[in-house]
Amino acid sequence: MRALFCLLLLLLSPLVDAATGRVFVSNEQDDSVSVIDSATNEVIKTIPVGKRPRGVGIAPDGSAVYVAVSGDNVIAVIDPHTLEVVRTFPSGDDPEAFAVHPNGNIYISNEEDAKASVLNPATGELVAEIEVGIEPEGVAISPDGSRVIVTSESTNMLHIIGVPEHEIVANIVVGARPRAATFSADGSTAYATSEISGEVKKIDVASGKILGRMPLADDKAKPKDVLVSRDGRQLYVAGGRANRIFVLDANSLEIIKAIPVGKRVWGLALSRDGKRLYTTDGVDHQVSVIDTGALDVVATVPVGKFPWGVAIDD
Amino acid sequence: MPTTARARPHHRFRSPVGALLLTLIGLASSSVATALEVRIAFIGDQDGDGWRGAAQGIAEANAQGRFLGLHYTLEPSAGPAVDADVSAIVTAVAAERLAPIAAANPGRAVINVAAADDELRADCVPNLLHTLPSYAMRDDAETQWRRKHPESEAVAQAWHADFEKYAAAQLNKRYQAGAGRPMSDEAWAGWAATKAVADVIARDQRVEPAALLDSLHGDIAFDGQKGAEMSFRDTGQLRQPLLLVEGGRIVGEAPVRGVVDTENLDSLGLPSCLK
């Protein structure tokens, strides 16, 4: 979709961002972002960004990489070509997870204030605030941009927010400490992880009903990120302390495979073509690269201390 | 506002905007009126940490409840009996007062947040639950710790105001802001009592005392913000990790890694009722 958009822009304007194929990884305890060249799986640069970087996202037009710098209460903006921090703007207190809307706005959870905020990254302006439950964390945006999910970790709830009204349309009680959510390609189904209850739930977005639940096979699993494969048939779940990526059937939620990766795996990013899955293995200070056809690790890339978030400019 | 209008409040708003406002106020108050009221009684010192912790849990329960049409109140009670529509009781009293309170409330959860006595757990009273860890749990945690660190004089605690992992920092901040003091073991136990009640009610909306007690005895997967999935043993004790504290500093967690399986919360204290 974005490739098509970029192509259109390319025809219309000389000021266009060709995708760099670079993978951006926030290193929570190194105050930096590691940049991996996806062609070689090598780190080509480490960019200092400020204290305790966590969430990472890419502008819809590929012109900027956003990093939530938790310790500095800002979003840092990195130019994906020059790999420099070009500016920062205030994010509210202790920014963590966020998602970028197709219209370019950033939806971010404010953990300390029980709110989600909508920021315009071009101006730094606060567009809207939505009151949610206690300790909001994960943010997901439907592909058409009409729905946003915010997970409230201590309130054990998914809030489904309508856009552009910015009003909550449904509140769904899930297992303890919901950390992340994602939408299916058509936006009709959402999937969410609960870290403490160690499970994945499947939700019908229109009715707010829970369609299915799968406890992860390993007692140690404390799942965090979840993504849907490009063909919509599989789910990838970062298993946390289980040190594995669980691959689930997106329909039945049955576990297809558990792929061993490094310790305390939290972050996930999927390439645009769906062939490569990147994972942040926090305690092993590395990124694992998974071939989604073979469902095996094809490379491990040493990065900075305690990698947290990951995003691909492709 | 003219006096006549005040005397006839239903004619107060003559403009369309005023009428709309009145309608909105009516809608707002009717939605409050339809919220399901959940009454939790508290027996014990209202100037103690058990009360303060329970009150923090109630505040968080209401932050959740406003999205679900649930409203919670924490009501001081002299006990031992309480009103029939009280869903559960939280107690911060000495061990000897608990048996009469439990006996006066058959089928209603009585959650002890202040007494660590092992006998209370071994007695296996069906409606008596304990969020405060028992003495035996603390002893086991210290024994595990000393197998790894023989010279250590660390003591086991339920909680610590400097605890940060597993979103403990967020709970400590909320409690400090609400209660104006650091969170103690008893405050954590009080918070866990009302928070666990609210979490199971949010899931199945069963507020009748016996149904709630049944829910609490189930696989509740409670998040006590100590990183582990907690539930109540058949002894009534809440399974939970403990902190090892030496010289005021957190030095470790139990179950102790390298000594026992860290997932085995039943390595601490009496694991189940003696058959």
Side-chain angles (χ1 to χ4, degrees), chain A residues 52 70 93-94 96 109-115 130-137 150-161 167-179 194-199 201 208 210 213 215-216 218-224 240-242 264 282-283, chain B residues 56-70 164-178 191-192 194-196 198-206 215 218-231 239-241 255 257 261-266:
Chain A
R52 208 179 168 207
S70 302
D93 210 29
D94 199 16
E96 189 174 347
S109 52
N110 301 116
E111 190 170 46
E112 310 267 312
D113 303 333
K115 279 179 187 164
I130 305 125
E131 289 188 18
V132 293
I134 297 172
E135 293 178 35
E137 161 121 359
V150 174
T151 72
S152 292
E153 288 185 314
S154 187
T155 301
N156 301 332
M157 208 176 269
L158 309 183
H159 308 281
I160 300 184
I161 297 163
E167 282 170 9
I168 292 176
V169 296
N171 297 291
I172 301 153
V173 178
V174 292
R177 199 150 282 271
R179 287 209 69 173
S194 287
E195 185 176 37
I196 292 292
S197 55
E199 63 188 356
K201 281 206 162 89
I210 292 169
R213 163 184 182 270
L216 296 178
D218 187 320
D219 281 347
K220 290 187 174 65
K222 301 285 177 200
K224 188 178 176 290
R241 279 189 248 165
R264 204 215 67 181
V283 176
Chain B
Q56 178 65 31
I58 291 288
E60 296 181 15
N62 282 324
Q64 178 188 56
R66 72 197 176 100
F67 295 112
L68 301 172
L70 293 162
E164 291 190 349
K165 283 166 77 177
Y166 317 118
Q170 279 71 28
L171 176 56
N172 271 321
K173 268 187 211 172
R174 292 199 296 274
Y175 181 79
Q176 176 73 43
W191 169 84
T194 48
K195 183 70 162 62
D199 276 0
V200 301
I201 290 176
R203 259 176 245 161
D204 59 21
Q205 309 254 339
R206 299 202 297 169
S215 297
D219 183 13
I220 62 172
F222 175 60
D223 175 17
Q225 310 216 182
K226 295 204 266 183
E229 177 180 346
M230 302 184 188
S231 55
R239 296 180 173 89
Q240 58 188 287
R257 188 180 305 279
D261 176 2
T262 56
E263 304 290 318
N264 184 12
L265 297 179
D266 284 345

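Just so we're on the same page: letters track the sequence lines, and every chain starts at 1.
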| field | Contact leader toward chain A among Lys173(B), Arg203(B), Gln225(B), where contacts are heavy-atom pairs under 4.5 Å | value |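 So the answer, after comparing Lys173(B), Arg203(B), Gln225(B), is Gln225(B).
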| So how far is it from Phe67(B) CZ to Met157(A) CE, rounded to the nearest 0.5 Å? |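 The CE atom of Met157(A) is 6.5 Å from CZ of Phe67(B), to the nearest 0.5 Å.
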| said: To the closest 0.5 Å, what do you measure between CD (Gln64(B)) and CG (Asn171(A))? | reply: 10.0 Å
Heavy-atom pair of closest approach, residues [X] and [Y]:
| X | Y | result |
| --- | --- | --- |
| Asn156(A) | Lys195(B) | ND2-NZ, 4.4 Å |
| Ala176(A) | Ala221(B) | CB-O, 3.2 Å |
| Asp223(B) | Arg177(A) | OD2-NE, 2.6 Å |
| Ala63(B) | Ile134(A) | CB-CD1, 3.8 Å |

Proximal component of [X], with respect to chain A [non-hydrogen, under 4.5 Å]:
| X | value |
| --- | --- |
| Ala198(B) | neither |
| Leu68(B) | side chain |
| Asp219(B) | neither |

Under a 4.5 Å heavy-atom cut-off, does chain B meet the side chain of [X], its backbone, both or neither?
| X | answer |
| --- | --- |
| Glu111(A) | side chain |
| Ser154(A) | both |
| Glu153(A) | backbone |

| Does Arg174(B) pair with Glu135(A) as a salt bridge, N-O distance under 4.0 Å? |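 Glu135(A) and Arg174(B): salt-bridged.
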| query | Does CD belonging to Glu164(B) count more than 12 external heavy atoms closer than 6.0 Å? | reply |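 No, the 6.0 Å shell around CD holds no more than 12 heavy atoms from other groups.
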